[in-house]
Peer 1: 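Dumping the structure here so I can ask a few things about it.
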Amino acid sequence: MDEKILTLKEEFKDTLSSVTNLVDLEKVRVAYLGKKGSITALLKGMKDLSVEEKKVFGANVNKLKNYATDIIDEKIAELKELEIQHEISSMPKFDITSPADLTRGSYHPITLVQRQCETIFKSMGFNVEDYSEIVTDYECFESLNIPKHHPARDMQDTYYLENGQLLKSQTSAAQNAILKKYGKRLIENGEPIKAIFPGRCFRNEATDACHENTFFQMEGVMVDKDISISNLIFFMKTMLSEVFQKEINVRLRPGFFPFVEPGFELDISCLICGGEGCPSCKHSGWLELCPCGMIHPNVLREGGIDPDKYTGFAFGLGLTRLAMMKYGVKDIRDLNSGNLKSLSQFTDDEV
Ligand code: FA5
């Protein structure tokens, strides 16, 4: 019987010496130590031996079993280490002493303009808010005095989700939430509501040199007692002179938006053609940049604010168009092109 054990041990050692990977090693383990393995079979075969024989033979088979288990464990560790070494040696080599690649990324022109506007408005006491791109019909239209089937909806066709939500067509979609968020402090502590909220907007419309289907706006609202159009004009003028660092020709003309009364269109003289007329301004010499107006009483009321006590203004600055004018980008579509060669040329050390 002992002869059998010795033979099996030699055979096991032989088999193991030719194993070079973990998969084959597992096969060997099963072949010797598994339920139907050769060493397990020796233990099962003991049933025909006498009690004395069982004691000696059993002890020897157990020795062999422990020996095989230990050797297999050692081999597993050895093969795992070899696998790691192999993985390391096949990794791409790099020289930590070679000079660093100092090519730096750059901010997108819209980010630059947005940050600049945020800095300007923050310095005038405005909070900067963020808002989701997917909104409800209530946020984008109904809370803004644009009920279902109102003709003003035709001006802003957008993309609808199957659940009835939509990609916001205007940053005004956040107005109601902002009024509700800051209204309590206005009513209880007399703190004016002053907030801007930049964001991406979407419209299902044909693109041209000054229209994109995905563009950025920056909304602003201010509500307090006795806020008037003069306050609105002051903030608009300050913002433009800070952004452009020079006098800009602007014109204010009546504009219709159901959520303001009165409403205005604030246009700037096109900086691409100097007001002569070009594709960037649809050959008019003027670019629609920042519609604005006094917040409609219905919108204030919907936001929980009493329009008999408080008044406010709102504006919807076209951030993408502002970036075009500031950086002399003739075609708005270049800004979404992902063309690094053209987009990486703009820098602004202040942001
Ligand atoms: C609005 O979106 C209103 N929510 C603005 C507003 C806010 C009015 C608060 C009153 C009070 P309008 O659709 O005109 O208005 O868009 C505002 C600005 O966004 C435009 O002047 C323009 O600068 C920019 N804009 C609009 N559509 C596009 C477009 N397709 N591509 C690029 N910029 C656009």
Peer 1: Is it the case that Glu302 and Tyr138 place a side-chain donor and acceptor less than 3.5 Å from each other?
Peer 2: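 Yes, Tyr138 and Glu302 have a side-chain donor paired with an acceptor closer than 3.5 Å.
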Peer 1: How are the rings of Phe313 and Phe126 set to each other: parallel, tilted or perpendicular (split at 30° and 60°)?
Peer 2: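 Tilted, since the angle between the ring planes falls between 30° and 60°.
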Peer 1: Could you state whether Phe141 and Met155 fall into the same hydrophobic cluster, counting links through intermediate Ile, Leu, Val, Met, Phe, Trp or Tyr residues with side-chain heavy atoms under 4.5 angstrom apart?
Peer 2: no
Peer 1: Do the side chains of Arg321 and His211 get nearer than 4.5 Å, heavy atoms only?
Peer 2: yes
Peer 1: Please confirm whether Phe315 and Phe121 have ring centers closer than 6.0 angstrom.
Peer 2: yes
Peer 1: Leu289 vs Leu317, test: side-chain contact (heavy atoms from CB on, under 4.5 Å). Steps then yes/no.
Peer 2: CA-CA 6 Å; Leu289 186 70; Leu317 173 70; 3.9 Å; yes
Peer 1: Looking at Cys210 and Leu287, what are the two nearest heavy atoms and their distance?
Peer 2: CB-CD1, 4.4 Å
Peer 1: Assess whether a salt bridge exists between Glu26 and Arg29, defined as any Lys/Arg side-chain N lying under 4.0 Å from an Asp/Glu carboxylate O.
Peer 2: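 Yes.
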Peer 1: Is the gap between the ring centers of Tyr159 and Phe202 under 6.0 Å?
Peer 2: no
Peer 1: Determine whether Val223 and Phe235 fall in the same hydrophobic cluster, where Ile, Leu, Val, Met, Phe, Trp and Tyr are linked whenever their side-chain heavy atoms lie under 4.5 Å apart.
Peer 2: no
Peer 1: Should Cys140 and Ser169 count as side-chain neighbours, where that means a heavy-atom distance under 4.5 Å?
Peer 2: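 Answer yes - side chains close enough.
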Peer 1: Please answer whether the main-chain N or O of Ser241 pairs with a side-chain N or O of Lys246 as donor and acceptor at a distance below 3.5 Å.
Peer 2: no
Peer 1: Could you tell me whether the side chain of Thr111 and the main chain of Tyr107 form a donor-acceptor pair under 3.5 Å?
Peer 2: no
Peer 1: Ignoring hydrogens and geometry, is there a side-chain-to-backbone donor-acceptor pair from Lys93 to Ser89 under 3.5 Å?
Peer 2: yes
Peer 1: Mind checking whether Ile248 and Met218 sit in one hydrophobic cluster, side chains of I, L, V, M, F, W, Y counted as touching below 4.5 Å?
Peer 2: yes
Peer 1: Report, as yes or no, whether the 6.0 Å neighbourhood of atom NZ on Lys63 holds more than 12 heavy atoms from other residues, nucleotides or ligands.
Peer 2: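 Open: at most 12 neighbouring heavy atoms sit under 6.0 Å from NZ of Lys63.
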Peer 1: Parallel, tilted or perpendicular: which fits the ring planes of Phe346 and Tyr327, with parallel below 30° and perpendicular above 60°?
Peer 2: tilted
Peer 1: Check this for me: Gln345, atom CD, are more than 12 non-hydrogen atoms of other residues, nucleotides or ligands nearer than 6.0 Å?
Peer 2: yes
Peer 1: Do the side chains of Arg333 and Glu212 get nearer than 4.5 Å, heavy atoms only?
Peer 2: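 With C-beta onward as the side chain, the pair touches.
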Peer 1: Checking Ser38 side chain against Tyr32 main chain: does a donor-acceptor pair fall under 3.5 Å?
Peer 2: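 Between the backbone of Tyr32 and the side chain of Ser38 there is no qualifying donor-acceptor contact (under 3.5 Å).
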Peer 1: Taking all non-hydrogen atoms of both residues, which atom of Lys326 and which atom of Val243 are closest, and how far apart?
Peer 2: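 Answer, listing the atom of Lys326 first, then Val243: NZ-O, 3.2 Å.
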Peer 1: Kindly indicate whether the side chain of Leu166, heavy atoms from C-beta on, has any atom under 4.5 Å from the side chain of Ile134.
Peer 2: no
Peer 1: Atom CD of Glu188 and atom CD of Glu191: how far apart are they, to the nearest 0.5 Å?
Peer 2: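 One finds 10.0 Å between CD of Glu188 and CD of Glu191.
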Peer 1: Are any side-chain N or O atoms of Gln217 and backbone N or O atoms of Thr171, one a donor and one an acceptor, separated by less than 3.5 Å?
Peer 2: yes
Peer 1: Establish, for the pair Lys9 and Tyr67, whether the NZ or CZ atom is under 6.0 angstrom from the six-membered ring centre and no further than 45 degrees off its axis.
Peer 2: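 Yes, Lys9 sits over the ring of Tyr67.
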Peer 1: Can you find a pair of side-chain heavy atoms, one from Ile146 and one from Phe259, that are under 4.5 Å apart?
Peer 2: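 In contact.
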Peer 1: Taking Asn145 for the side chain and Val299 for the main chain, is one N or O donor matched with an acceptor at less than 3.5 Å?
Peer 2: no
Peer 1: Out of curiosity, does Val19 fall in the hydrophobic cluster containing Ile39 (side-chain heavy atoms, cut-off under 4.5 Å, transitive links)?
Peer 2: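 Yes.
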Peer 1: Find out whether Glu87 and Met91 are in side-chain contact, i.e. whether some heavy atom of one side chain is under 4.5 Å from a heavy atom of the other.
Peer 2: no
Peer 1: Can you tell me how far the OG atom of Ser228 sits from the CE atom of Met294, to the nearest 0.5 Å?
Peer 2: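 If I round to the nearest 0.5 Å, the distance is 6.0 Å.
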Peer 1: Under a 3.5 Å cutoff, is there a donor and acceptor pairing between the side chains of Ser50 and Glu53?
Peer 2: yes
Peer 1: Quick one: pull up CG in Leu319 and CD1 in Ile110 and give me the separation to the nearest 0.5 Å.
Peer 2: 7.5 Å
Peer 1: Is there a side-chain contact between Asp267 and Arg251 in this structure, where contact means two heavy atoms from C-beta onward sitting under 4.5 Å apart?
Peer 2: yes
Peer 1: Hey, is NZ on Lys36 packed in by over 12 heavy atoms from elsewhere, all under 6.0 Å?
Peer 2: no
Peer 1: Measuring from atom CD of Gln175 to atom CD of Gln170, what distance do you get when rounded to the nearest 0.5 angstrom?
Peer 2: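 Answer for the CD-CD pair, Gln175 versus Gln170, is 8.0 Å.
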Peer 1: Do Leu8 and Ile5 pass the side-chain contact (heavy atoms from CB on, under 4.5 Å) test, and can you show the C-alpha distance, the side-chain angles, and the key distance before you say yes or no?
Peer 2: CA-CA 5 Å; Leu8 194 58; Ile5 296 175; 5.8 Å; no
Peer 1: Within the 4.5 Å heavy-atom criterion, are Leu42 and Lys4 side-chain neighbours or not?
Peer 2: yes
Peer 1: What distance do Ile178 atom CD1 and Ile196 atom CD1 have between them, rounded to the nearest 0.5 Å?
Peer 2: 10.5 Å
Peer 1: Where is the tightest heavy-atom contact between Ala195 and Glu129, given as atom of each residue plus distance?
Peer 2: CB-CG, 4.5 Å
Peer 1: Between Ser269 and Trp286, is there a donor-acceptor pair closer than 3.5 Å when you use the side chain of the first and the backbone of the second?
Peer 2: no
Peer 1: Do Asp137 and Lys148 sit within salt-bridge range, that is, some charged N less than 4.0 Å from a carboxylate O?
Peer 2: yes
Peer 1: Answer yes or no on whether Arg253 is positioned over the face of Phe264, meaning its NZ or CZ is under 6.0 Å from the six-membered ring centre and within 45° of the axis.
Peer 2: no
Peer 1: Under 3.5 Å, side chain of Glu265 to main-chain N/O of Gly255, donor-acceptor pair present?
Peer 2: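 Not confirmed, Glu265 side chain does not pair with Gly255 backbone.
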Peer 1: Check this for me: Lys282, atom NZ, are more than 12 non-hydrogen atoms of other residues, nucleotides or ligands nearer than 6.0 Å?
Peer 2: no
Peer 1: Ignoring hydrogens, what is the shortest heavy-atom contact between Leu335 and Pro109? Give both atom names and the distance.
Peer 2: CD2-CG, 3.9 Å
Peer 1: How about NZ on Lys80, more than 12 heavy atoms from neighbouring residues, nucleotides or ligands closer than 6.0 Å, or not?
Peer 2: no
Peer 1: Is it possible for you to say whether Leu232 and Phe256 belong to one hydrophobic cluster, with membership spreading through side-chain heavy-atom contacts below 4.5 Å?
Peer 2: no
Peer 1: Is the shortest side-chain N to carboxylate O distance from Glu133 to Arg200 below 4.0 Å?
Peer 2: yes
Peer 1: Write down the atom of Asp226, the atom of Asn231, and the distance for their closest heavy-atom approach.
Peer 2: O-OD1, 4.0 Å
Peer 1: Any donor-acceptor pair under 3.5 Å linking the side-chain atoms of Glu139 with those of Thr136?
Peer 2: yes
Peer 1: Considering all heavy atoms of both residues, which atom of Lys330 and which atom of Ile272 are nearest to each other, and what is their separation?
Peer 2: CG-CG2, 3.8 Å
Peer 1: Ile295 and Ile227: side-chain contact (heavy atoms from CB on, under 4.5 Å), yes or no, with the steps?
Peer 2: CA-CA 10 Å; Ile295 303 178; Ile227 295 293; over 6 Å; no
Peer 1: Check whether Gln245 reaches the backbone of Glu242 with its side chain - one donor and one acceptor, N or O, closer than 3.5 Å.
Peer 2: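 Side chain of Gln245 to backbone of Glu242, a donor-acceptor pair under 3.5 Å: yes, one is there.
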Peer 1: With rounding to the nearest 0.5 Å, note down the distance linking OG1 in Thr238 to CD1 in Ile120.
Peer 2: 9.0 Å
Peer 1: Evaluate the criterion side-chain contact (heavy atoms from CB on, under 4.5 Å) for residue pair Ile193 and Ile305; output intermediate values, then yes/no.
Peer 2: CA-CA 11 Å; Ile193 301 177; Ile305 290 163; 3.5 Å; yes
Peer 1: Kindly say whether Asp24 contributes a backbone atom to a donor-acceptor pair with the side chain of Asn21 at under 3.5 angstrom?
Peer 2: yes
